[in-house]
Chemist: 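Submitted below is the structure of interest, expressed as structure tokens.
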Amino acid sequence: MRPNPLILIIDENASFAHEISDRLDEFECKIADCRSNVAGAAKALGARLIILGCGVRAADALQTRLDLKGDPETAAIPILVLGSRNSMTQPEWALDLGTDVYLQKAHLDDYLRSHARMLLTRPAPPRYPVDPNRSVLSLLCLPQGTAFHLSGSIRCTETGGSPIRPSDYDGFAKEPLDPEDPEWRKTPAKWGQTIYNQLFASDGKLLSFYHSASEHAVDDPSLLCIRVAAPLDYLRVPFEFLYNGGTPRGEPYFALRHPFSRSIVARETRTPALSTRLLNHLSETGEDLRILLIGSSPLQDPSSVDEEIRTLQERLPQWFSAKGVRVPPPDVIPSDQATFNTVKSALERTTAHIIHIACHGKFDERDPGRSCLRFLDDEDGTSAKLLTANDLGGALARNWAKNVQFVYLACCDGSTAAGSDMIGQTDVLGLSDALVFGGVPAVLSHRIPPMDSRAPGFAISFYRHLAASGDLELALFKTRKETDKTLPESLSPVLICQR
């Protein structure tokens with residue numbers, strides 16, 4: 001049996017195609033013509049090199065190249081074009097195709113084998129772009145003022161704007177957001193406009209830099225990312241609602257214009273956040289991306305939670321494997337097995353990179369460390385037992401593997417945080433902060449309670465985009481854009497991403 005890697009030879013002249021195959025007898029070769037689905041054949045066979053022979057017409061070769069480069073699964077396969085002196089397959093034409101090597105038929109004996117070896121051993125480009133062509137507007141919010149740094153196509157560092165004091169936003173907690181209230185957007189708009197006025201309206205420098213960066217992202221808003229860093233007590237400040245009602249046209253909410261994330265100053269984590277670098281490393285080494293899925297709905301109908309977990313269990317391996325990242329069957333704790341001790345033990349022992357928890361949460365404003373997630377009581381298996389924020393952070397802090405790089409907390413009150421008066425009285429200010437306190441570098445949670453009927457769809461859409469891009473900020477942005485703007489889910493998510 002001939003060894004891999006496999007070469008796919010495309011030519012209308014069967015005898016010449018077989019001649020090429022015989023010259024490359026150290027490799028496994030398959031032959032097809034341009035009338036077949038070349039990209040489909042390349043994927044099905046696992047081809048590592050495509051050879052377009054002399055008998056391929058220019059138009060067919062162009063279409064074949066477009067099909068191959070237009071499919072993410074075949075775009076990285078190198079192409080070697082063979083030409084004869086009298087054919088249209090001249091070097092300039094071949095290079096216009098995006099050909100990796102052009103070789104005249106007269107030189108087959110001298111160069112075909114060596115060029116094939118070279119292309120087959122050449123490192124493949126990364127599955128995910130490591131450094132996307134993106135500008136980043138970074139805002140460092142401190143009690144004495146705001147520093148902003150713009151990197152990318154334009155670079156600058158300045159300070160300005162009015163100071164934002166977390167205590168000014170303690171009143172935000174007294175305006176509960178009901179996801180079923182048709183007027184729910186009034187509260188985010190009110191507080192988001194306040195943040196905008198303090199950051200942008202009071203000082204024209206930041207607004208000017210933002211407009212300059214936006215000009216470079218007119219065609220693709222995802223090319224400008226906004227990141228807010230602030231001390232722990234700023235978790236109360238809903239930066240994700242940043243809003244300018246005076247926008248003459250376009251989207252007034254910044255989180256619906258650009259990828260948006262925040263980080264907590266001085267919160268140290270043990271590992272970097274999930275990123276394209278990790279996913280490329282796993283793809284190149286063949287190591288597994290490990291996932292833990294937890295669903296819980298004690299005392300309530302668990303059908304939507306269980307359906308969410310089942311769907312992710314089925315689709316996550318498919319989506320990531322399409323990008324060359326191997327995902328073994330995820331570890332799953334379904335709702336009928338999600339007891340307090342089972343979940344706590346799993347968090348302490350898991351080797352997963354990604355943890356998804358779909359459950360019911362509750363914030364305790366008198367003692368944020370006792371904010372909780374509900375799981376089954378181990379003793380009777382029917383009543384609820386509360387896993388507090390302190391327990392949650394402690395379990396992950398004790399995790400021996402220390403692999404967890406991202407947690408999606410799909411529950412109510414995941415992003416609710418205590419006011420500034422609680423600083424110093426508790427280690428954590430809420431559930432999402434408890435995860436960061438426990439060493440998790442990236443946490444996605446909801447500020448507005450997600451509806452049971454819509455939360456699974458949002459999570460599934462987010463993971464589909466995450467598998468495609470490898471980028472947490474970009475995946476969340478694309479999911480927001482797909483979501484009906486009249487629904488709270490478009491503005492509810494808060495992404496904490498420590499760097």
Chemist: By the definition side-chain hydrogen bond (donor to acceptor under 3.5 Å, both in side chains), identify the one residue from R315, E307, Q313 that meets it with T311.
Modeler: E307
Chemist: Charged N to carboxylate O under 4.0 angstrom, R267 versus D433?
Modeler: yes
Chemist: Could you walk me through whether E348 and R398 pass the salt bridge (charged side-chain N to carboxylate O under 4.0 Å, His left out) test, one step at a time?
Modeler: CA-CA 6 Å; E348 292 174 348; R398 290 189 294 274; 2.9 Å; yes
Chemist: Checking K385 against F340: charged group under 6.0 Å from the ring centre and within 45 degrees of the axis?
Modeler: yes
Chemist: Could you check whether H258 and Y210 have their ring centres less than 6.0 Å apart?
Modeler: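 Judged by ring-centre distance (under 6.0 Å), Y210 and H258 do meet the cut-off.
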Chemist: From S263 OG over to I496 CD1, what is the distance, rounded to the nearest 0.5 angstrom?
Modeler: 9.0 Å
Chemist: Between P368 and F363, which heavy-atom pair has the shortest distance, and what is it?
Modeler: CB-CE1, 4.1 Å
Chemist: Given side chain to side chain donor-acceptor pair (under 3.5 Å), test S461 with E482 step by step and report yes or no.
Modeler: CA-CA 8 Å; S461 178; E482 284 183 355; 2.7 Å; yes
Chemist: Taking atom CG of L466 and atom CG of L476, what is their separation to the nearest 0.5 Å?
Modeler: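 Atom-to-atom, L466:CG and L476:CG are 10.5 Å apart.
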Chemist: How far does CG of D391 sit from CZ of R370, to the nearest 0.5 angstrom?
Modeler: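 CZ of R370 is found 8.0 Å from CG of D391.
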Chemist: May I ask you to test the L293-I333 pair for a side-chain heavy-atom distance under 4.5 Å?
Modeler: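 Not in contact.
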Chemist: Verify side-chain contact (heavy atoms from CB on, under 4.5 Å) between Y169 and I195, making sure each step is shown before the conclusion.
Modeler: CA-CA 10 Å; Y169 292 83; I195 296 171; 3.3 Å; yes
Chemist: Could you tell me whether the side chain of S321 and the main chain of P317 form a donor-acceptor pair under 3.5 Å?
Modeler: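 Yes; at least one donor-acceptor contact below 3.5 Å.
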Chemist: Count the heavy atoms belonging to other residues, nucleotides or ligands that lie under 6.0 Å from CD of E379, then report whether that count exceeds 12.
Modeler: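 No, not enclosed.
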Chemist: How close do A189 and Y243 get, heavy atom to heavy atom, and via which atoms?
Modeler: O-CD2, 3.6 Å
Chemist: Determine, stepwise, if the pair D220 / S222 fulfils side chain to side chain donor-acceptor pair (under 3.5 Å).
Modeler: CA-CA 5 Å; D220 184 358; S222 68; 2.6 Å; yes
Chemist: Below 4.5 Å, heavy atoms only, C-beta onward: do I294 and L347 meet side chain to side chain?
Modeler: yes
Chemist: Is there a side-chain contact between L444 and L409 (heavy atoms, below 4.5 Å)?
Modeler: no
Chemist: On the 0 to 90° scale, with breaks at 30° and 60°, tag the F406-Y408 ring pair as parallel, tilted or perpendicular.
Modeler: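 Perpendicular, since the angle between the ring planes exceeds 60°.
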Chemist: Does E489 come within less than 4.0 Å of R454, counting only side-chain N to carboxylate O?
Modeler: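 Answer for the salt bridge query: yes.
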Chemist: Would you say the side-chain atoms of D178 pair up with the backbone N or O of E180, donor to acceptor, closer than 3.5 Å?
Modeler: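 Judged by distance alone, yes, a pair lies under 3.5 Å.
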Chemist: Taking the side chain as everything from C-beta on, heavy atoms only, tell me whether S297 gets closer than 4.5 Å to H360.
Modeler: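 Result yes, sub-4.5 Å side-chain heavy-atom pair found.
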Chemist: Is there a donor in the side chain of D484 and an acceptor in the side chain of T486, or the other way round, less than 3.5 Å apart?
Modeler: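 There is such a pair between these side chains.
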Chemist: Applying side chain to side chain donor-acceptor pair (under 3.5 Å), run through S296 and S335 and close with a yes or a no.
Modeler: CA-CA 4 Å; S296 175; S335 61; over 6 Å; no
Chemist: So, the side chain of W400 versus the backbone of R349: is there a donor-acceptor pair under 3.5 Å, distance only?
Modeler: yes
Chemist: Please tell me if the side chains of K323 and L279 come closer than 4.5 Å, counting only heavy atoms from C-beta onward.
Modeler: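 With C-beta onward as the side chain, the pair stays apart.
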Chemist: Where is the tightest heavy-atom contact between S283 and V325, given as atom of each residue plus distance?
Modeler: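 That would be CB-CG2, 4.2 Å.
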Chemist: Kindly check if the number of other-residue, nucleotide or ligand heavy atoms within 6.0 Å of NZ (K186) is above 12?
Modeler: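 Incorrect, the count does not exceed 12.
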Chemist: Give the intermediate values and the outcome of side-chain contact (heavy atoms from CB on, under 4.5 Å) for residues I164 and L199.
Modeler: CA-CA 8 Å; I164 292 179; L199 286 176; 3.8 Å; yes
Chemist: Between L373 and L386, is a side-chain contact (heavy atoms from CB on, under 4.5 Å) present by the stated rule, with each step listed?
Modeler: CA-CA 6 Å; L373 304 177; L386 307 182; over 6 Å; no
Chemist: Would R127 and E284 satisfy salt bridge (charged side-chain N to carboxylate O under 4.0 Å, His left out), going step by step from the backbone distance to the final call?
Modeler: CA-CA 9 Å; R127 295 282 187 153; E284 292 164 6; over 6 Å; no
Chemist: Identify the residue among K485, R257, R480 that makes a salt bridge (Lys or Arg N to Asp or Glu O under 4.0 Å) with E251.
Modeler: K485
Chemist: Does a side-chain heavy-atom distance below 4.5 Å link V327 with I291?
Modeler: yes
Chemist: List the atom of P188, the atom of L177, and the distance in Å for their closest heavy-atom pair.
Modeler: CD-CD2, 3.8 Å
Chemist: Mind checking the NZ-CD1 spacing from K43 to I77? Nearest 0.5 Å is all I need.
Modeler: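 Rounded to the nearest 0.5 Å, the NZ-CD1 separation comes to 9.5 Å.
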Chemist: So that I can tick it off, tell me whether E473 and R499 are bridged by a salt bridge, with the cut-off set at under 4.0 angstrom between side-chain N and carboxylate O.
Modeler: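 Here R499 pairs with E473 in a salt bridge, since their nearest N and O are under 4.0 Å apart.
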Chemist: Just checking, any donor-acceptor pair under 3.5 angstrom between side chains of S303 and D306?
Modeler: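 Not at all, the side chains of S303 and D306 share no donor-acceptor pair under 3.5 Å.
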Chemist: Would you say P252 and N244 make side-chain contact, with heavy atoms under 4.5 Å?
Modeler: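 They are not in side-chain contact.
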Chemist: Taking side chain as C-beta onward, heavy atoms only, is L316 less than 4.5 Å from Y463?
Modeler: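 Yes; the side chains approach each other to less than 4.5 Å.
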Chemist: Just to verify, which of S445, S492, S432 counts as forming a side-chain hydrogen bond (donor to acceptor under 3.5 Å, both in side chains) with S415?
Modeler: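 Passing option: S445.
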Chemist: Are F241 and F254 near enough that their ring centres are under 6.0 Å apart?
Modeler: no
Chemist: So does D413 pair up with K362, basic N to acidic O under 4.0 Å?
Modeler: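 Answer for the salt bridge query: no.
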Chemist: Might you point out which heavy atoms bring R290 and T351 nearest each other, and give the distance in Å?
Modeler: NE-O, 2.8 Å
Chemist: Would you confirm whether T194, through its side chain, and K190, through its main-chain N or O, come within 3.5 Å as a donor-acceptor pair?
Modeler: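 Yes: the side chain of T194 pairs with the backbone of K190.
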Chemist: Whether the N341 and T339 side chains hold a donor-acceptor pair (N or O, under 3.5 Å, no angle test) is what I'd like checked.
Modeler: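 T339 and N341 do not have a side-chain donor-acceptor pair below 3.5 Å.
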Chemist: Using the ring centroid of each side chain, check whether F320 and Y128 are separated by less than 6.0 Å.
Modeler: no
Chemist: Measuring from I448:CD1 to C412:SG, what's the distance to the nearest 0.5 Å?
Modeler: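 The CD1 atom of I448 sits 11.5 Å away from the SG atom of C412.
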Chemist: Would you please indicate yes or no on a ring centroid separation below 6.0 angstrom for F477 and H465?
Modeler: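 Between H465 and F477, the centre distance exceeds or equals 6.0 Å.
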Chemist: Run the numbers on E240 and R262 for salt bridge (charged side-chain N to carboxylate O under 4.0 Å, His left out), then give the verdict.
Modeler: CA-CA 9 Å; E240 292 74 16; R262 67 161 67 203; 2.9 Å; yes
Chemist: What distance separates Q198 CD from L206 CG, expressed to the nearest 0.5 Å?
Modeler: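 Separation between the atoms: 12.5 Å.
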Chemist: Are L223 and S135 close enough, and set up right, to give a side-chain contact (heavy atoms from CB on, under 4.5 Å), and what steps lead you there?
Modeler: CA-CA 6 Å; L223 293 180; S135 296; over 6 Å; no
Chemist: Kindly determine whether E308 and H356 satisfy side chain to side chain donor-acceptor pair (under 3.5 Å), including the steps that lead there.
Modeler: CA-CA 10 Å; E308 178 176 343; H356 181 85; 2.6 Å; yes
